[in-house]
Amino acid sequence: DDSYDWTNIISTTTATTSLDSLNSMQSVFELDDNYNVVLQGRIGQGFYGEVFKGTLESVDGLEEEPKRVAVKKLKTFAESTCLQDFEREINIMKSLEHPNIVKIIGVQRESEILLVMEFVPHGSLQSYLKINRESLQEAQLLNYALDIAKGMDYLGKEKIVHRDLAARNILVVDENHVKISDFGLAQVMSTDDYYYMKTPNRELPIKWFAPESLRDGKFSVRSDVWSYGVTMCEMFNYGEEPVLANVTEKIDEGVPQQQALLTALEGGARFPCPPKCPRAVYVRIIHPCWETNPHKRPLFSAIAEEIQELIS
Ligand code: ADP
Ligand code: MG
């Protein structure tokens, strides 16, 4: 049974704040006992977290409509290191405000930590692509690609490296708009342009990693650009992961995935142009994201301009 009834969970710092204004507020509330979060069933799960669909309801019943929300919480086995990661995820989300980034509504810290965010109606882009593959038009896919590039450009300017950019972590607002979500692996950059990975608490999305990340654990805005190229392949593959020639065979022979992938990429191999992907999109947008030298990769602002040109 996936439904829970949480009482005394959510409130705002000001009793007069309405649910509608919650959404438009820039600040995030430490929610306590003016609002209840009612969880209605799990919509996703990852390594250490679970995401539920739910509603946010005012305790006094004065609010018109309960607000639909998505709620992320740690799985019960999660250790303290996971808790630190979750706190980082929350703090990063709190600092972000952009039309193409999923919005946090509030946090509750009583019995356990709940991250309450806006509910994005059509769920993950990965499943949306699979469900709608027959009807999706090229123009729509390019609109999604443009939204992602705009959101990523904003993130880079805010000195955030996402590190888990993939179709499963993009949420679909409507048939032409998407938002970036899942800041579980994201990091704030210090003064330098790179972040060196510490031993991770969770499985890593190796297939989306740039060669310098696979080899040296080095992440930057430009390794996010690499992942963006892989994400665009997923989009034009309608949610199926791209496959690199010979890597599967090497893995079957017992070579670790990270090493097999790195060897292939350093040998010059790249994910092929998806069958339904226009050549111009592959050549002008996707392939340049996979330059071995990170500094030769386009920045997200340039990618957005290039897509805009293709669309018009
Ligand atoms: P994890 O860290 O477990 O990967 P995510 O944040 O990626 O968690 O969420 C897992 C899944 O839950 C997503 O792929 C998506 O299907 C669903 N999901 C997450 N956040 C939302 C949201 N705000 N609205 C709708 N669905 C969401
Ligand atoms: Mg995820």
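Indexing begins at 1, ligand by ligand and atom by atom, following the structure's order.
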Atom 18 (N) of ligand 1 has as its nearest protein heavy atom Val51 CG1, 3.8 Å

If we only count heavy atoms from C-beta on, is the Ile148 to Leu165 side-chain gap below 4.5 Å?
yes

The atoms of ligand 1 lying under 4.0 Å from a heavy atom of Gly44, numbered in the order shown, are 11 (C), 12 (O)

Electrostatic pair Arg222:Glu212 at N-O distance under 4.0 angstrom: no

**Prompt:** Would Tyr128 and Tyr238 count as a side-chain contact (heavy atoms from CB on, under 4.5 Å) if you check the C-alpha gap in whole Å, the side-chain angles of each, and the deciding distance to 0.1 Å?
**Reply:** CA-CA 8 Å; Tyr128 187 84; Tyr238 299 99; over 6 Å; no

Is there a nitrogen or oxygen of Glu118 sitting under 3.5 Å from a nitrogen or oxygen of ligand 1?
yes

Per-atom filter on ligand 1: closer than 4.0 angstrom to a heavy atom of Ala70 are 21 (C), 22 (C), 23 (N), 24 (N)

Taking Glu309 first and then Arg284, would you say they form a salt bridge - that is, a charged N and a carboxylate O separated by under 4.0 Å? yes

Between Asp85 and Arg88, is there a side-chain N and carboxylate O pair less than 4.0 Å apart?
yes

Per residue Asp182, nearest N, O or S atom to the Mg ion (ligand 2) is named OD2

Looking only at protein heavy atoms, what sits closest to atom 26 (N) of ligand 1 is Ile43 CD1, 3.5 Å

Residue, atom and distance of the protein heavy atom nearest atom 2 (O) of ligand 1 read Lys72 NZ, 3.0 Å

A student checking ligand 1 against Ser124 at a 4.0 Å heavy-atom cut-off should list atoms 14 (O), 16 (O)

N/O/S of Asn169 less than 2.8 Å from the Mg ion (ligand 2)? yes

heavy-atom search around atom 1 (P) of ligand 1 in the protein gives Asp182 OD2, 3.5 Å

So, Lys73 and Glu112, do they make that salt bridge, N to O below 4.0 Å?
yes

of all protein heavy atoms, closest to atom 14 (O) of ligand 1 is Arg168 O, 2.9 Å

Heavy-atom proximity to atom 21 (C) of ligand 1, picking from Val120, Leu171, Leu125, points to Leu171

Salt-bridge test for Glu118 and Lys179: reply yes if a basic N is under 4.0 Å from a carboxylate O, no otherwise.
yes

Between Tyr48 and Phe86, what is the ring plane arrangement, given parallel below 30°, perpendicular above 60°, and tilted in between?
perpendicular

So the atoms of ligand 1 within less than 4.0 Å of a heavy atom of Met117 turn out to be 20 (N), 23 (N)

Counting from 1 in the order shown, the ligand 1 atoms closer than 4.0 Å to a non-hydrogen atom of Gln45 are 3 (O)

CG of Leu141 to CD of Glu234, rounded to nearest 0.5 Å, is 12.0 Å

